[in-house]
Amino acid sequence: MTETQGSEHRGNPTRRTVVVAGGVAVAAVGVGGAAAVNAFADESGTATASSAEACYTLTSETTEGPYYIDADKIRRDITEDQEGIPLTLRLKVIDAETCKPVRNAAVDIWHCSALGVYSGYESMSNGGGGGVPSGEPTDVPTGAPTGEPPSGPPPGGGGGHAEPTDDKRYLRGTWKTDRHGHVTFRTVFPGWYQGRCVHIHVKVHVDGTWTDAGYEGGHTCHTGQLFFSEKSVLASAEVAPYSTSTVTRTTLDEDTIYPGNGHEGGLLYLSYDKRHIARGVVARLTMGVAPDETHDSTDTGPSPSASSS
């Protein structure tokens with residue numbers, strides 16, 4: 001891993017015991033400015049903080065997908081020049097057995113743009129936007145196909161990990177947890193692409209060493225995905241550039257990777273102004289991991305029904 005300034009299914013989800021604590025309340029302050037008190041949507045439920053953090057078991061280990069690039073950007077703000085709803089992602093990593101914070105872990109996140117495109121794989125992504133084409137199609141092929149059939153992963157990233165096709169790295173980043181196990185990223189609300197619901201990928205690396213060059217050594221103790229409520233996604237779809245997407249959206253319930261067990265399965269707690277989601281969203285979750293185990297997505301088998309990412 002090197003320091004810089006600044007879909008995707010390899011198999012079925014594996015089953016392991018991890019935990020998610022019902023996150024503490026977060027101040028309802030819009031990312032873009034003032035707090036919206038009366039119209040604020042808080043999806044955190046009634047969970048409260050306590051000195052003895054409550055832990056809940058779940059099975060949230062999921063696949064890495066083909067679009068992972070190993071810790072290419074050591075940074076907290078991964079937005080670069082990408083348009084979209086500002087998103088503050090606050091994660092806490094704890095030991096699933098002891099519920100103690102996991103300090104100095106390297107946390108990777110990566111996700112697609114507002115129009116469903118992954119950096120590093122722009123030519124392979126199937127995002128779409130810009131309205132519906134008009135007129136009659138041209139250059140329609142005729143006759144029987146000739147030549148050898150194409151090989152390699154299909155568009156969208158199925159068939160295992162794919163090598164990057166370009167040097168862009170927006171909406172990707174790695175940062176370390178503090179002594180309380182917290183890490184915060186600044187990014188944009190993800191869009192969607194064919195076959196998957198809106199999600200963010202996440203990895204947690206432990207037992208490595210932070211150096212001037214980045215994070216070295218250690219092992220991956222968690223590979224998962226973070227999910228967004230259908231209500232928030234529908235609200236985002238009313239805002240540009242999300243509203244220009246022409247890709248059919250897969251809902252949370254239709255997704256083949258989401259475990260279906262709510263916050264315990266990676267569903268984020270969200271806070272935002274329900275009348276003005278464009279002002280920004282705050283997302284948070286406590287993730288429980290097994291630091292002594294290795295879960296790098298290579299321990300999963302192929303899924304005959306899984307979509308491309």
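FYI, side chains are in, hydrogens and waters are out, and symmetry mates aren't considered; it's all heavy atoms of this structure.
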Qualifying residue for ring-ring contact (aromatic ring centres under 6.0 Å, His included) with Phe228, from Tyr258, Trp192, Phe189:
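Passing option: Phe189.
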
Please determine, by modelled atom types, if Asp253 and Thr251 share a side-chain donor-acceptor pair under 3.5 angstrom.
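Judged by distance alone, the side chains do not pair up.
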
Residues Asp296 and Thr223: side-chain donor-acceptor under 3.5 angstrom
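Short answer, no.
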
Please examine the side chains of His201 and Tyr68, heavy atoms only from C-beta on, and report whether any two atoms are closer than 4.5 Å.
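SC-SC contact between Tyr68 and His201 ruled out.
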
Does Thr177 reach the side chain of Val204, with side-chain heavy atoms less than 4.5 Å apart?
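No. Closest side-chain heavy atoms not under 4.5 Å.
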
For the atom pair CZ (Arg75) and CZ (Arg172), what is the distance rounded to the nearest 0.5 Å?
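The CZ atom of Arg75 sits 10.0 Å away from the CZ atom of Arg172.
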
Within this structure, what is the CG-OG distance for the pair Leu267 and Ser229, rounded to the nearest 0.5 Å?
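Between atom CG of Leu267 and atom OG of Ser229 there are 6.5 Å.
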
Could you tell me whether the side chain of [X] and the main chain of [Y] form a donor-acceptor pair under 3.5 Å?
X: Trp110; Y: Ile69; value: no
X: His222; Y: His295; value: no
X: Asp166; Y: Glu122; value: yes
X: Thr250; Y: Glu254; value: no

Shortest non-hydrogen contact from Cys197 toward Phe227
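Closest heavy-atom pair between Cys197 and Phe227: SG-CD2, 3.6 Å.
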
Determine the sole option in Leu285, Val282, Leu268 for which the side chain to side chain contact (heavy atoms under 4.5 Å, CB included) test with Arg90 is passed.
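With Arg90 as partner, side chain to side chain contact (heavy atoms under 4.5 Å, CB included) holds for just one option, Val282.
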
Can Trp175 be reached from Trp210 by stepping across I, L, V, M, F, W or Y side chains whose heavy atoms are under 4.5 Å apart?
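Shared cluster, yes.
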
